[in-house]
There are 2 protein chains.
Amino acid sequence: MILEVRADLAPERRERMRILIRKAGVARVEDLKSDLKVSVATVRRDLEALEEEGRIRRVHGGAVSMESRLEEEVFDDKANLALKEKRLIAEEALNFIGTGDSIYLDGGSTVLEIARLLAGRTDLTVVTNSLRAAAELSESGPRVILIGGELRRLSQTMVGPLTQAILGQVRLDKAFMGTMGLCIDDGLTTTDPNEAFTKSLVQEHARQVVLLADARKAGKISFARVSDLESVDILISDKKFPAKTARTLRKRGLKVRLA
Amino acid sequence: MILEVRADLAPERRERMRILIRKAGVARVEDLKSDLKVSVATVRRDLEALEEEGRIRRVHGGAVSMESRLEEEVFDDKANLALKEKRLIAEEALNFIGTGDSIYLDGGSTVLEIARLLAGRTDLTVVTNSLRAAAELSESGPRVILIGGELRRLSQTMVGPLTQAILGQVRLDKAFMGTMGLCIDDGLTTTDPNEAFTKSLVQEHARQVVLLADARKAGKISFARVSDLESVDILISDKKFPAKTARTLRKRGLKVRLA
DNA sequence: TCAGAAACGATCAAAAACGATCAAAACCAA
DNA sequence: TTGGTTTTGATCGTTTTTGATCGTTTCTGA
């Protein structure tokens, strides 16, 4: 008689752990220890494995689920440590905006920085799926058009099939896009398929696609594929962007600007 | 020294802090200290981190939020006086919402009160053109679909021809509408023609139209015509609503509820 | 303008969490 | 069973986080 088959138990335990963390959004090591009836050492090892898989993110004292709201914020926070870079990228992006342009602003913190810089530009028309960008521009400035669609809470953006209804009816001179992952082989990727759908739709409609991505996005691959890199006309990143990747992109015809 | 058992993970606590600051706009260190049950030193450290991320700005004594929020306009006294009535009207309106309904929420402060009451209703689908309603529901609750269109700054709603793109693609069991003027002869009127256009469009699409209008709206006529009263199925108002007008409306087939 | 009060930042010590290491236990194939 | 491998849990030194203290800065109102 086999009392315990540990080879099956370990992955099962990790799965339970993952579920626990996702349900609560966060979990402390001590809680997981008592819930799963194992030692803290094992909990740490499992968390390490789950982090390796990208399912969670470890923090001091426990872990945060990748699928939770908090994680998106934490992830954002992490990315926002590059706030200065984002500002520089956004300022560089401004150079590509002409008088009277009709531009699209994607969700994401880097693109949001552009919105902050457009306060006085009453000559522009801004099309966006980002509630945050809309809020930023709601006081004054450009004409604002929201594309509508289902609200994705995590990112505060409108995504999904419904977005194509309005996108089909507007002209977009330039689209300023954010991304979660940028990879030579896998192109642009993001977390949510519906978001990916809308992003790719926008890129098809826009005359020119400007991708804003700080250096840490380079080489990252997220879950849902948006498009390949050929859809992008201009990439704006910061000085830390891998030179080799930049060269490859330039060879492929992209204009690369490192702010 | 005895440290208390930490209830929160650091990122969790910072997230709560961020929300607190955003909700109130500003927060004092002492308040955050007692709200989060930590020392002032920790509060300061967290604020420092949040400032680094660009989410807040520290000021002497506390911090102010950098995250733009859709501000509720500072209502004049007249509107504030009607707040109680608006609440009652909104609560009455809840009775008309069934399980799993797909409902439309119009702009306007009265309708916004409904949004505030829908926090837990994950069974519903809310379609709206109001950024404020969307913001109210963006944290949790029903599925939210924004209809898109041009942003009208004053009302923070999406209006105009573009709105019909998505409205044509969704089912609306009930539409909860606000209005500026309600008049037996001139029907429903509002200030902006684009807004009127979208309102009438919604009313055509909805199976049932519920009009929310406090008594002050009775007899008022605004600039742009929305529709005549026959488009409305149910009127919800308050006790001060003119009895004579109510009688007339009932004769015309409207259901009238005075909350 | 100046003095008291409040808030601040730097620094330090305590406590909790962490990672590395190692031995014991469980597992697996012969 | 036996020998080798993997997994687990305990120990221990190190790191991180937190809260208190104290001198300094900033705010406020007389």
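All values reported here derive from a predicted model rather than from experimental measurement. Below, chains carry the letters A, B, ... as their sequence lines are ordered, and counting in each starts from 1.
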Note to self: Within the 3.5 Å criterion, strictly below it, is a donor on A:K86 or A:S109 matched to an acceptor on the partner's side chain?
What the structure shows: yes
Next item on the list: Indicate whether the side chain of A:T42 and that of A:S39 have a donor and an acceptor atom separated by less than 3.5 Å.
Entry: yes
Checklist line | Side-chain (A:T198) to main-chain (A:G160) donor-acceptor, under 3.5 angstrom | finding: yes
Next item on the list: Please identify each residue that fulfils side-chain hydrogen bond (donor to acceptor under 3.5 Å, both in side chains) with A:T189, with sequence neighbours left out.
Entry: none
Next item on the list: Quick one: list whatever passes side-chain hydrogen bond (donor to acceptor under 3.5 Å, both in side chains) with B:D123, sequence neighbours left out.
Entry: B:R121
Check: Would one find more than 12 heavy atoms of other residues, nucleotides or ligands at under 6.0 Å from atom CZ of A:R58?
Finding: yes
Checklist line | Neighbour count >12 (heavy atoms, 6.0 Å) for atom CD, A:E52 | finding: no
Check: Which whole-number value in Å describes the distance from A:E30 CD to C:dA15 C1'?
Finding: 13 Å
Next item on the list: Take atom CZ of A:R13 and atom C1' of C:dA26, then tell me their distance rounded to the nearest Å.
Entry: 13 Å
Next item on the list: Could you list by number each residue of residues 36-53 of chain A showing a heavy-atom separation from DNA chain C of less than 4.0 Å, or answer none if no residue does?
Entry: A:R44
Check: Taking the side chain of B:A10 as its heavy atoms from C-beta onward, which of C:dA17, D:dT18, C:dC8 lies nearest to it?
Finding: D:dT18
What's touching nucleotides 24-30 of chain D from the protein side, N or O pairs under 3.5 Å?
none

Note to self: So if I apply the side-chain hydrogen bond (donor to acceptor under 3.5 Å, both in side chains) rule between B:D8 and each of B:R13, B:R14, B:R16, which one comes out positive?
What the structure shows: B:R16
Next item on the list: Name the nucleic acid region contacted by A:R58, choosing base, sugar-phosphate or nothing; use a 4.0 angstrom heavy-atom cut-off, strictly under.
Entry: sugar-phosphate
Note to self: Reading 5' to 3' and counting Watson-Crick or G-U wobble pairs with both distances under 3.5 Å, write the dot-bracket notation for DNA chain C, | for bases paired outside the strand.
What the structure shows: ||||||||||||||||||||||||||||||
Review item, nucleotides 1-4 of chain C N/O atoms under 3.5 Å of protein N/O:
none

Check: With A:M180, which of A:V226, A:T190, A:I221, A:D192 fulfils side-chain contact (heavy atoms from CB on, under 4.5 Å)?
Finding: A:T190
